[in-house]
Each structure stands twice: as structure tokens, then as C-alpha cells.
Amino acid sequence: MFDQKVYSSTGVCVPGGGNLSIAKWTYKPSTIDRGYNHRTLHVNLSSNEIKEKPVDQRMKETFTGGKGFDLWLLWNSLPKDRVTKWDDPANEICIACGPLGGTTLYPGSGKSICVTISPLTAR
């Protein structure tokens, strides 16, 4: 589907034109297998670090779709030794779509879902 070039993302657009380089991430598009590319992208806003992590078979078998993936990613990313509040730097924002995401054959396949610990649920 994709050519075998290596792509690079270096920053964000700045209002008024130009680019602001925050971090650089080089990647090679992978082959899509049953709607999965077998990897997730993790962006650390504190250290400006960008890296890929693999999606394991257990995650794909247990959860289908963006909501399930997001809940799995959030659950496994939070510290296990303490409660994480909405304003804690360890809180994560997970954005995912399901295996049909990005396909043009189904209406609504361009949707994503965002999961995080919300201040509305804090006690």
C-alpha cells in the first residue's frame, strides 16, 4: 500500500506561518493486517520524546475498537503504586480508532475516541 520510504515528522504549524520543531520522529509505514498496524505512538510532552510501542496479540484479542484500546492503554500506562488524579503529570491522554479507522468504505470510520482521567470524576 505504501512505498518503502522512511517518513519524518518534525514539528507543528505555528499561527502566522512557519514551523516550530519540538521533536523528530522517523517512521516507516507498515502493512495493515486486518485493520491493525501492530504499533502505537507515545508522545511524552514533558521530555518531548516520541517513540513507538508494539501492540501485543493479547490486546487485539481482548479489545476491539478505539474505546477498548484506549482503556487498555490508559490502564497499563498509569502508576500502579498510587492513585493518579486528573492534574497529575502521570495522567495520560489516549487517542485511538478501531480497526476500520481510516477506511473509506464505511461512514464514520474517520472517528477517534479520547480517554483520560477527567476532573469531572475526581473525588
Side-chain angles (χ1 to χ4, degrees):
M1 179 188 321
F2 293 104
D3 55 15
Q4 294 301 313
K5 294 179 182 175
V6 174
Y7 296 87
S8 178
S9 178
T10 58
V12 295
C13 294
V14 179
N19 288 325
L20 173 64
S21 182
I22 297 172
K24 183 174 182 177
W25 176 60
T26 303
Y27 64 99
K28 184 176 178 180
S30 65
T31 304
I32 305 298
D33 176 32
R34 297 181 182 151
Y36 300 99
N37 74 351
H38 310 290
R39 60 188 173 173
T40 58
L41 180 68
H42 291 256
V43 180
N44 186 324
L45 298 176
S46 298
S47 66
N48 294 330
E49 179 185 16
I50 302 172
K51 61 184 174 182
E52 285 183 31
K53 291 185 180 179
V55 172
D56 63 0
Q57 190 63 31
R58 181 176 174 215
M59 179 177 165
K60 292 187 295 184
E61 290 172 355
T62 307
F63 299 100
T64 303
K67 188 184 296 184
F69 273 20
D70 273 345
L71 292 172
W72 174 271
L73 292 169
L74 185 64
W75 179 264
N76 288 310
S77 66
L78 296 176
K80 306 295 184 242
D81 59 340
R82 61 186 173 87
V83 174
T84 304
K85 300 284 188 175
W86 69 271
D87 59 349
D88 191 321
N91 188 11
E92 299 220 354
I93 300 172
C94 301
I95 304 169
C97 63
L100 295 178
T103 59
T104 57
L105 299 173
Y106 302 98
S109 64
K111 295 188 297 183
S112 297
I113 187 167
C114 179
V115 173
T116 190
I117 296 176
S118 169
L120 297 177
T121 57
R123 294 176 188 223

Where do Phe69 and Phe63 come nearest, in terms of heavy atoms and distance? CE1-O, 3.1 Å

Nearest heavy-atom neighbours spanning Ser46 and Asn44: N-OD1, 2.9 Å

Would you find more than 12 non-hydrogen atoms of other residues, nucleotides or ligands less than 6.0 Å from Lys51 atom NZ? no

Please name all residues satisfying salt bridge (charged side-chain N to carboxylate O under 4.0 Å, His left out) with Glu49, sequence neighbours left out, ordered by chain then number.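 By the salt bridge (charged side-chain N to carboxylate O under 4.0 Å, His left out) rule, Glu49 matches no residue at all.
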
Give a yes or no on whether the backbone of Leu74 and the side-chain of Ser77 come within a donor-acceptor separation of less than 3.5 Å.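 At least one qualifying donor-acceptor pair exists.
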
Show me the donor-acceptor pairs, under 3.5 Å and distance only, between side chains in residues 88-98 and residues at least two apart or in other chains.
from, atom 1, to, atom 2, distance (Å)
Asp88, OD1, Ala90, N, 2.8
Asp88, OD2, Arg82, NH1, 2.5
Asn91, OD1, Thr116, OG1, 3.2
Asn91, OD1, Ile117, N, 3.4
Asn91, ND2, Trp86, O, 3.1
Asn91, ND2, Thr116, OG1, 3.3
Asn91, ND2, Ile117, O, 3.1

State yes or no: do Trp75 and Val115 share one hydrophobic cluster built from I, L, V, M, F, W and Y residues joined by side-chain heavy-atom distances below 4.5 Å, directly or via other members? no

Quick one: are Leu73 and Met59 in side-chain contact, heavy atoms under 4.5 Å?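 Yes. Closest side-chain heavy atoms under 4.5 Å.
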
Nearest 0.5 Å, what's the OG1-CG distance between Thr40 and Asn37?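 Nearest 0.5 Å value for the OG1-CG distance: 9.0 Å.
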
For residues 53-76, which residue pairs qualify under salt bridge (Lys or Arg N to Asp or Glu O under 4.0 Å), counting only residues two or more places apart or in two chains? none

